[in-house]
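Numbers for residues simply follow the sequence, beginning at 1. Reckoned from all heavy atoms, side chains included, excluding hydrogens, waters and symmetry mates.
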Amino acid sequence: MRPYLLIFLFLFLFITLTSNNHLVTSQSSPIAKTPLKKPDNDTIYKVSKELCWGCIGESLQFLFAHNMVRAYKWELPLTWDFQLENYAKWWAGQRKADCKLEHSFPEDDFKLGENVFLGSGSTWTPIDAVNAWAEEEKYYTYATNTCEAGQMCGHYTQIVWSTTRRIGCARVVCDKGDVFMTCNYDPVGNYVGERPY
């Protein structure tokens with residue numbers, strides 16, 4: 001039943017976001033097209049909530065924020081995956097004592113896509129982390145498929161990677177009072193030489 005629900009929700013999102021995008025100036029005039037309407041928060045929130053079967057609180061915040069970023073690129077929304085969440089919780093638990101900004105995989109050996117975030121103080125939210133990753137878009141150039149020299153954009157491209165379908169994340173307040181967050185993505189993105197969308 002879940003694949004059908006996903007298809008239904010995608011169609012609902014597509015119809016909602018593309019409806020009323022054409023203006024007719026008169027019956028004899030051609031249709032004047034306006035740019036596609038930006039996705040609205042309420043629609044993306046409702047879709048994210050449906051794709052987060054049974055999850056609450058921080059999980060829904062992570063999913064909603066990711067799907068907002070993806071919607072602006074007209075990418076399919078992600079679904080919540082509890083196995084990925086459990087993996088993210090395990091890694092966040094490993095970082096609780098030292099709060100080091102480290103990936104769970106050795107360098108260049110990623111089995112899953114992964115974004116990590118470290119915030120000073122205990123008030124950082126999942127939406128803050130996703131917004132920080134999404135802000136890297138300003139350093140990404142689609143035409144050359146590169147990041148600006150000396151900047152990072154891989155967190156952003158992983159969020160909008162077109163073939164990624166599932167996500168699981170975790171947030172922990174470290175022993176020192178700072179916040180560590182991690183999200184895992186499947187299928188993995190950021191393949192060298194490939195564009196995210």
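- Scanning all heavy atoms of the two residues, the minimum distance from Arg171 to Pro126 falls at CD-CD, 4.1 Å.
- Judged by distance alone, with hydrogens and angles left aside, the side-chain atoms of Arg166 form no donor-acceptor pair with the main-chain N or O of Thr79 at under 3.5 Å.
- When all heavy atoms are compared, the tightest approach of Thr123 to Val179 is N-CG2, 4.4 Å.
- Taking SG of Cys169 as the reference point, atom CG of Asn115 lies at 8.5 Å (rounded to 0.5 Å).
- A donor-acceptor pair under 3.5 Å links the side-chain atoms of Glu114 to the main chain of Ser104, judged by distance alone.
- Although no hydrogens or angles enter the test, the distance criterion places no donor-acceptor pair under 3.5 Å between the side chain of Arg165 and the main chain of Pro187.
- Ring planes of Tyr87 and Trp90: tilted class, angle from 30 to 60°.
- The aromatic rings of Tyr197 and Tyr142 sit parallel to each other, their planes meeting at less than 30°, with 60° as the upper class boundary.
- The side-chain heavy atoms of Asp81 and Asp186, taken from C-beta on, include no pair separated by under 4.5 Å.
- Smallest separation of non-hydrogen atoms from Ala88 and Thr182: O-CG2, 3.4 Å.
- Contact between Phe105 and Asn184 at its shortest, heavy atoms only, is CE1-ND2, 4.2 Å.
- Val173 and Met181 end up in the same hydrophobic cluster when Ile, Leu, Val, Met, Phe, Trp and Tyr side chains are linked at under 4.5 Å.
- The closest donor-acceptor contact from the side chain of Asp128 to the backbone of Thr125 lies under 3.5 Å.
- The side chain to side chain donor-acceptor pair (under 3.5 Å) test with Tyr140 is passed by exactly one of Asn145, Thr157, Thr146: Asn145.
- To the nearest 0.5 Å, atoms CD (Glu58) and CD (Glu85) are separated by 9.5 Å.
- Rounding to the nearest 0.5 angstrom, the gap separating the CH2 atom in Trp161 from the CD atom in Glu75 is 10.5 Å.
- Of the inter-residue distances, the one linking Asn131 atom CG with Glu136 atom CD reads 12.0 Å to the nearest 0.5 angstrom.
- Around CD of Glu102, the count of heavy atoms belonging to other residues, nucleotides or ligands within 6.0 Å exceeds 12.
- Put simply, the side chain of Asp175 never gets that close to the backbone of Asp98: no donor and acceptor are under 3.5 Å apart.
- Arg195 places a side-chain N or O within donor-acceptor distance of the main-chain N or O of Ala143, the cut-off being under 3.5 Å.
- No side-chain donor-acceptor contact under 3.5 Å links Asn67 to the backbone of Ile44.
- Separation of the Trp124 and Phe117 ring centroids falls under the 6.0 Å cut-off.
- Among all heavy-atom pairs drawn from Phe180 and Cys99, the shortest one is CB-SG, 4.0 Å.
- If you chain together hydrophobic residues whose side chains sit under 4.5 Å apart, Val160 and Tyr139 never meet in one group.
- The minimum heavy-atom distance linking Ile127 with Gln61 is given by the pair CG1-O, 4.0 Å.
- Note: Leu60 CG to Trp80 CH2 = 9.0 Å, rounded to the nearest 0.5 Å.
- The distance from atom CD1 of Ile167 to atom NE2 of His66, rounded to the nearest 0.5 Å, is 3.5 Å.
- Each of Leu101 and Met152 belongs to its own hydrophobic cluster when Ile, Leu, Val, Met, Phe, Trp and Tyr are linked at side-chain heavy-atom distances under 4.5 angstrom.
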